[in-house]
Amino acid sequence: VQLQASGGGLVQAGDSLRLSCAASGFTFSNNNMGWFRRAPGKEREFVAAISWRTNSTYYADSVKGRFTISRDNAKNTLYLQMNSLKPEDTAVYYCARKDSGRGFYINIRSSADYPYWGQGTQVTVSS
């Protein structure tokens, strides 16, 4: 299993970025996927998740209405569109594959339920 995140960068508050996560080594279309982030000095936190079966989505309250998670199964790629970025969104963003043995909403916010992780991409939002 390989997950390669990209698209991070340095932007100003209010700007947008789109992160991508290229997946390989498994059947991407049959797996629930998620994005997490870790800000400096903080624990890794859940950002968003998307199901494989119905493309259902779920967001952390802190990003709801600003971020959109999506997937392109033909390209084996996961996306995170981030709009209206804030300085508090500054973090390393990670894509992850959820445990295939659990339902989409089971432990959806728990990083422990995501056994496979990408390397992360840095997002820095200046004020």
Side-chain angles (χ1 to χ4, degrees):
V1 174
Q2 288 195 326
L3 298 168
Q4 182 77 31
S6 62
L10 172 63
V11 297
Q12 293 188 329
D15 285 352
S16 299
L17 272 179
R18 188 176 80 158
L19 305 183
S20 299
C21 174
S24 60
F26 66 101
T27 305
F28 177 75
S29 59
N30 288 352
N31 278 273
N32 299 319
M33 301 294 296
W35 286 98
F36 286 74
R37 66 186 182 186
R38 176 175 280 159
K42 294 188 176 181
E43 299 281 327
R44 184 164 52 188
E45 66 171 353
F46 171 81
V47 175
I50 186 167
S51 72
W52 69 269
R53 189 184 297 274
T54 61
N55 274 355
S56 297
T57 57
Y58 186 84
Y59 296 94
D61 288 344
S62 58
V63 306
K64 200 174 296 182
R66 299 188 298 122
F67 290 12
T68 302
I69 187 172
S70 63
R71 63 193 300 159
D72 185 335
N73 290 334
K75 296 182 178 180
N76 288 343
T77 302
L78 179 72
Y79 300 102
L80 185 68
Q81 177 67 42
M82 306 185 295
N83 298 330
S84 303
L85 282 161
K86 304 175 181 180
E88 51 263 45
D89 295 318
T90 294
V92 178
Y93 283 73
Y94 301 88
C95 57
R97 191 189 104 178
K98 201 173 185 297
D99 189 329
S100 58
R102 295 183 183 273
F104 176 61
Y105 290 105
I106 303 298
N107 294 334
I108 192 170
R109 293 172 173 266
S110 172
S111 59
D113 240 45
Y114 295 76
Y116 300 100
W117 294 82
Q119 87 291 354
T121 185
Q122 176 72 46
V123 173
T124 303
V125 185
S126 64
S127 57

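Keep in mind that the numbers below use all heavy atoms, side chains included, and drop hydrogens, waters and symmetry copies.
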Taking distance alone, no hydrogens or angles, what donor-acceptor pairs closer than 3.5 Å link side-chain atoms of residues 5-21 to residues at least two apart or in another chain?
{"residue": "Asp15", "atom": "OD2", "partner": "Gln12", "partner atom": "N", "Å": "3.1"}
{"residue": "Ser16", "atom": "OG", "partner": "Asn83", "partner atom": "OD1", "Å": "2.9"}

Item checked: Gap separating the CG atom of Leu3 from the CZ atom of Phe28, nearest 0.5 angstrom -> 8.5 Å
Item checked: Common cluster, Tyr94/Met33, ILVMFWY with side-chain heavy-atom separation under 4.5 Å -> no
Next item on the list: Grab the two heavy atoms, one from Asn32 and one from Arg71, that are nearest each other, plus how far apart they are.
Entry: CA-NH1, 4.3 Å
Item checked: With Arg66 via salt bridge (charged side-chain N to carboxylate O under 4.0 Å, His left out) - residues at least two apart -> Asp89
Check: Residues two or more places apart in sequence or in another chain: which of them pass side-chain hydrogen bond (donor to acceptor under 3.5 Å, both in side chains) with Gln119?
Finding: none
Next item on the list: Return each pair, listed once, that meets disulfide (SG to SG under 2.5 Å) where at least one residue sits in residues 98-127; pairs must be two or more places apart or across chains.
Entry: none
Checklist line | Residue list, side-chain hydrogen bond (donor to acceptor under 3.5 Å, both in side chains) with Tyr59, at least two apart or on another chain | finding: none
Notebook entry, point to check: Could you state the interatomic distance from OG (Ser70) to CG (Leu78), rounded to the nearest 0.5 Å?
Noted result: 7.0 Å
Check: Roughly how far, to the nearest 0.5 Å, is the OH atom of Tyr79 from the CD1 atom of Ile50?
Finding: 11.5 Å
Next item on the list: Identify, with sequence neighbours excluded, every residue that meets side-chain contact (heavy atoms from CB on, under 4.5 Å) alongside Thr54.
Entry: Ser51, Ser56
Next item on the list: Please name the pair of heavy atoms, one in Val92 and one in Gln122, separated by the smallest distance, quoted to 0.1 Å.
Entry: CG2-OE1, 3.2 Å
Note to self: Going by the rule side-chain hydrogen bond (donor to acceptor under 3.5 Å, both in side chains), which residues pair with Asn30 if we only count those two or more places apart in sequence or in a different chain?
What the structure shows: none
Notebook entry, point to check: Residues in salt bridge (charged side-chain N to carboxylate O under 4.0 Å, His left out) with Lys86, at least two apart?
Noted result: none
Check: Considering residues at least two apart in sequence or located in another chain, which fulfil the side-chain contact (heavy atoms from CB on, under 4.5 Å) criterion with Tyr114?
Finding: Phe36, Phe46, Ala49, Ala96, Lys98, Ile108, Trp117
Next item on the list: For Glu45, check salt bridge (charged side-chain N to carboxylate O under 4.0 Å, His left out) against everything at least two apart and list the hits.
Entry: Arg37
Next item on the list: Using atom types as modelled and distance alone, determine if a side-chain donor or acceptor of Thr90 lies under 3.5 Å from a backbone N or O of Val125.
Entry: yes
Pair up each side-chain donor or acceptor in residues 99-107 with any protein partner under 3.5 Å, not counting sequence neighbours, and list the distances.
{"residue": "Asp99", "atom": "OD1", "partner": "Gly101", "partner atom": "N", "Å": "2.8"}
{"residue": "Arg102", "atom": "NE", "partner": "Asp113", "partner atom": "OD1", "Å": "2.9"}
{"residue": "Arg102", "atom": "NE", "partner": "Asp113", "partner atom": "OD2", "Å": "3.2"}

Check: Between atom CD of Gln2 and atom CG of Asn76, what is the distance when rounded to the nearest 0.5 Å?
Finding: 12.5 Å
Note to self: Holding to side-chain hydrogen bond (donor to acceptor under 3.5 Å, both in side chains), I want the full list of residues that pass it with Arg109, two or more places apart in sequence or in another chain.
What the structure shows: Tyr58
